[in-house]
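For reference, the structure discussed in these notes is given below.
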Amino acid sequence: QVQLVESGGGLVQAGGSLRLSCAASGRTFSNYAMGWLRQAPGKEREFVAAIRLSGGSTYYADSVKGRFTISRDNAKVTLYLQMNSLKPEDTAVYYCAAASTVVPWDSRITSPDRWNYWGQGTQVTVSS
């Protein structure tokens with residue numbers, strides 16, 4: 001099992017920045033990739049970004065490319081999401097996720113079904 005705990009959410013004005021963190025524990029060595037997904041009220045959960053733990057390849061949703069950066073610290077077993085130029089439409093609960101099986105590194109990784117473990121989520125609210 002893998003446990004994931006997010007932190008760093010909050011309220012920020014449009015154009016501002018936030019940095020989310022996700023601390024992983026448990027069988028973290030078995031993870032293939034980690035990522036962030038988000039869910040706004042009344043909407044389905046959507047993919048934000050992912051990173052392969054070996055090699056560091058990244059994958060982003062078009063809506064956040066150029067604004068968000070995903071990174072990881074393998075020594076601390078921590079995942080980060082640096083969010084810049086935030087927009088009101090970025091408002092959502094952000095979930096950290098881990099995939100313990102190999103996933104295709106293409107658009108198929110954006111499906112929530114590809115992710116095996118989830119954190120409890122952290123709220124990000126962007127005011128206009």
Distance (rounded to the nearest 0.5 Å) between [X] [atom1] and [Y] [atom2]:
X      : Y      : atom1 : atom2 : result
Cys22  : Glu6   : SG    : CD    : 5.5 Å
Arg114 : Tyr32  : CZ    : OH    : 11.0 Å
Leu79  : Ser71  : CG    : OG    : 7.0 Å
Ser21  : Arg72  : OG    : CZ    : 15.0 Å
Leu4   : Thr78  : CG    : OG1   : 10.5 Å
Lys87  : Ser128 : NZ    : OG    : 14.0 Å

Cation-pi check, Arg45 onto Trp118 ring (under 6.0 Å, within 45° of axis): yes
Which pair of non-hydrogen atoms, one from [X] and one from [Y], has the smallest distance, and what is that distance?
X      : Y     : answer
Ile109 : Ala50 : CD1-CB, 3.9 Å
Asp90  : Arg67 : OD2-NH1, 2.7 Å
Pro88  : Ala14 : CD-CB, 4.1 Å
Val103 : Ala99 : CG1-CB, 4.4 Å
Tyr60  : Thr69 : OH-CA, 3.3 Å
Gly8   : Leu18 : O-CD2, 3.9 Å

Student check: side-chain heavy atoms of Met83 and Val124 closer than 4.5 Å: yes
Trp105 side chain reached by Thr58 side chain, heavy atoms, under 4.5 Å: no
Verdict with reasoning, Leu11 to Gln123, per side-chain contact (heavy atoms from CB on, under 4.5 Å): CA-CA 8 Å; Leu11 173 65; Gln123 176 70 46; over 6 Å; no
Shared hydrophobic cluster, [X] / [Y] (ILVMFWY, side-chain heavy atoms < 4.5 Å):
X     : Y     : answer
Leu53 : Leu37 : no
Tyr59 : Val64 : no
Ile51 : Phe47 : no
Tyr95 : Met34 : no
Tyr80 : Leu20 : no

Pairs involving residues 49-64, ordered by first then second residue, that meet salt bridge (charged side-chain N to carboxylate O under 4.0 Å, His left out) (sequence neighbours left out): Asp62-Lys65
Donor-acceptor pair, side chain of Asn116 and main chain of Ser100, under 3.5 angstrom: yes
Sequence-distant partners of Glu46, salt bridge (Lys or Arg N to Asp or Glu O under 4.0 Å), two or more places apart: Arg38
Pairing residues for Asp106 by the salt bridge (Lys or Arg N to Asp or Glu O under 4.0 Å) criterion, not counting sequence neighbours: Arg108
CA sep, side-chain torsions, deciding dist, call: Gln3, Val5, side-chain contact (heavy atoms from CB on, under 4.5 Å): CA-CA 7 Å; Gln3 294 78 43; Val5 179; 5.6 Å; no
